[in-house]
Amino acid sequence: MKTIKDFNFKDQKALIRVDFNVPLNDAFKVTESNRIEAAKPTIMKILNDGGSVILMSHLGRPKGVTEKYSLKHIVYKVTEILGIQVKFVEDCIGEKVELAVKNLKPGEVLMLENLRFYNEEEAGDVSFAEKLSKFGDVYVNDAFGTAHRAHASTTIIAQFFPNNKCFGLLMAAEIESIDKVLKNSEKPVLAILGGAKVSSKIGIIENILDKVNHIIIGGGMTFTFIKALGGKIGNSLVEDDKLELALEILEKARQKNVKIHLPIDAVIADSFSNDAKYKIADVNDIPDGWMGLDVGPKTNVGFSFVIAQAKTILWNGPVGVFEMPNFAKGTIELGNAIADATEDGAFSLVGGGDSVAAVKQFNFENKVSYVSTGGGAMLEMLEGSILPGIQAVLE
Ligand code: AMP
């Protein structure tokens, strides 16, 4: 795997695909700048080598040129984070850009306009990719968040840099952390899968059955398993067309010697609301009119015990409706147990969809080994796909 560490960028122009798709408020101010901060080490290494940087990104989902989605709005933030005045050009291809790139000196940073102002970007258009490729001596992909898309700037462009393409430090860290879980993992390996539905996690479960020793199942999908096993789940979330599949998963896990840990009790509520009445019940004996919205105290103890034994931990999805304070306790206790295991030397990766939101909300970010920056991209990697943006750099 080639990264920017394998190159000396002195007098080189690095064309970096970053993911600066950050949220903006009504006054066009950046409200959450993690993605910009995550790309800083890559940019700084190139500048410190004596190179110059051309940044390309998308912002939002514009239909053609849309003022609201102009990347000019974020130039101030990138400037602030890098501590260098970032230049901006109001297009991403064409003469204006050619001139701006030509005039760019070592140590300078130029940001191009939103790539998605051209339909060719998402269409993966080869000639658009070729036009972009002219702006750099080296292509650097540091946009993990879009690595699962075969777009012009994330994938197609790489063919124009047969020897001069590499990953940025963020991409490399994402790839290494997932490899630590799925390939070079220290055993026992534990995957914790929560979230709403079995159907959205089935690809992950099937892929990881060959790679892990334990799976903790929590969240809404618990109840499809419990019902399939003959339990009473009241009005809990269930996918009746996945009952058979749930049994198949349990059987496959048994054959592969993977231990599946299901909740034994639940916090049940009489409606889907933080103001609902709630109490504790056995997970397979939930009365009609009540629904399981969090794991119960006995389950917390059991899950914490399993987590404490693990040397490698993957966490995807909350084990309860963590957005409602009364049903967040299970997810918080789970996070604490993962934090403790990490302190004791386990490697923990949190990624994919909502678990990252939960980790941030409860301040676990610095207590786990790695928090992935790419929701969809991470999910696809967990499902075993080789992402087009990664493949294109490796080829
Ligand atoms: P996902 O995007 O699949 O990871 O699902 C995350 C969502 O699952 C969160 O919004 C949680 O509120 C929801 N969730 C977790 N546990 C439950 C549950 N027991 N019943 C309904 N929804 C749940």
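Just so you know, ligand 1 is whichever comes first in the structure, and atom 1 is the first atom listed for that ligand.
Heavy atoms of F327 stay at 4.0 angstrom or farther from ligand 1. The shortest separation from a heavy atom of M221 to ligand 1 is not under 4.0 Å, leaving the residue out of contact.
A cation-pi geometry, defined here as NZ or CZ lying under 6.0 Å from the six-membered ring centre and within 45° of its normal, holds between K29 and Y76. For the pair K277 and W290, the cation does not sit on the ring face, since its NZ or CZ is not both under 6.0 Å from the ring centre and inside 45° of the axis.
Summarising the contacts of atom 14 (N) of ligand 1 with A357, G320, G194, the nearest heavy atom is found in G320.
Of the polar atoms of G292, at least one N or O is found under 3.5 Å from an N or O of ligand 1, judged by distance alone. In terms of N/O distances under 3.5 Å, ligand 1 is approached by A196. Annotation: G220 places an N or O atom under 3.5 Å from an N or O atom of ligand 1; distance criterion only. For the pair E323 and ligand 1, the shortest N or O to N or O distance falls below 3.5 Å.
Each of the atoms 19 (N) of ligand 1 lies under 4.0 Å from some heavy atom of F223. Close contacts of ligand 1 with K201, meaning ligand atoms under 4.0 Å from a residue heavy atom, involve 1 (P), 3 (O), 4 (O).
At a cut-off of 3.5 Å, with distance as the only test, a side-chain donor of S199 or E239 sits close to an acceptor on the other residue. In this structure, a donor-acceptor pair under 3.5 Å is absent between the side chains of R149 and T154.
D125 contributes a side-chain N or O that, together with a main-chain N or O of S127, makes up a donor-acceptor pair within less than 3.5 Å.
The proximity of M291 to ligand 1, defined as any non-hydrogen pair under 4.0 Å, does not occur for either the backbone or the side chain.
Taking the six-membered ring wherever Trp is involved, the centroid distance between the rings of F327 and Y278 falls below 6.0 Å.
Checking V189, V181, L193, V258 one by one against I208, the side-chain contact (heavy atoms from CB on, under 4.5 Å) holds for a single residue, L193.
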